[in-house]
Each structure stands twice: as structure tokens, then as C-alpha cells.
Asker: 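Pasting in a structure now, in C-alpha cells, and then I'll have a few things to ask.
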Amino acid sequence: MVIALGFTWILDGLEVTMVGVIGSVLISPKTLDFTSAEVGFVATAYLIGAVIGSVFLPS
């Protein structure tokens with residue numbers, strides 16, 4: 001159980017890191033050329049989706 005929880009914790013940290021890195025890539029003109037406000041909206045939508053999923057979906 002401890003190993004499974006540790007593995008999940010590592011994956012959760014990796015997910016948060018990836019979301020943080022992707023934000024700076026989305027602003028680049030070579031990719032999607034988002035504004036800072038659009039990146040903030042995407043990050044907010046991601047967070048709201050994570051909260052809704054954790055509250056309402058059975059585990």
C-alpha cells in the first residue's frame with residue numbers, strides 16, 4: 001500500500017510539473033501563441049476539472 005501511494009504521489013508531482021512547463025511553451029509564437037490570460041484560463045480549467053473529478057467521480 002505504501003509503495004502504491006508513493007508511486008501515485010510521484011505521478012501527481014510529475015503532472016503538476018508538466019502543467020507548469022507547458023504554460024511557457026503555449027506562449028511561444030512557434031506553438032499556439034497564447035496570451036498570458038489564455039494560459040491562465042487553461043490552467044484554471046485544468047484545476048477545476050481536477051477538483052470536480054476528485055469530488056464527484058468514485059474511486
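Hydrogens, waters and symmetry mates play no part in the numbers below; they use all other heavy atoms, side chains included.
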Asker: Return the minimal non-hydrogen interatomic distance between Ser36 and Ile27, and the atom names on each side.
Answerer: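 Heavy-atom minimum between the residues: OG-CD1, 4.3 Å.
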Asker: Are Leu14 and Trp9 connected, step by step, through hydrophobic side chains (Ile, Leu, Val, Met, Phe, Trp, Tyr) whose heavy atoms are closer than 4.5 Å?
Answerer: no
Asker: If hydrophobic clusters are built from ILVMFWY residues whose side chains come within less than 4.5 Å, do Leu32 and Val39 share one?
Answerer: yes
Asker: Please name the pair of heavy atoms, one in Val21 and one in Ser24, separated by the smallest distance, quoted to 0.1 Å.
Answerer: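 The pair with the smallest heavy-atom distance is O-OG, 2.9 Å.
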Asker: Is it the case that over 12 heavy atoms from other parts of the model lie below 6.0 angstrom from the CZ atom of Phe41?
Answerer: no
Asker: Using a 4.5 Å cut-off between side-chain heavy atoms of Ile, Leu, Val, Met, Phe, Trp and Tyr, which other residues end up in the same hydrophobic cluster as Ile10?
Answerer: none
Asker: Taking atom CD of Glu15 and atom OG1 of Thr8, what is their separation to the nearest 0.5 Å?
Answerer: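 Nearest 0.5 Å value for the CD-OG1 distance: 11.5 Å.
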Asker: Among the clusters formed by ILVMFWY side chains lying less than 4.5 Å apart, do Val25 and Val42 turn up in the same one?
Answerer: no
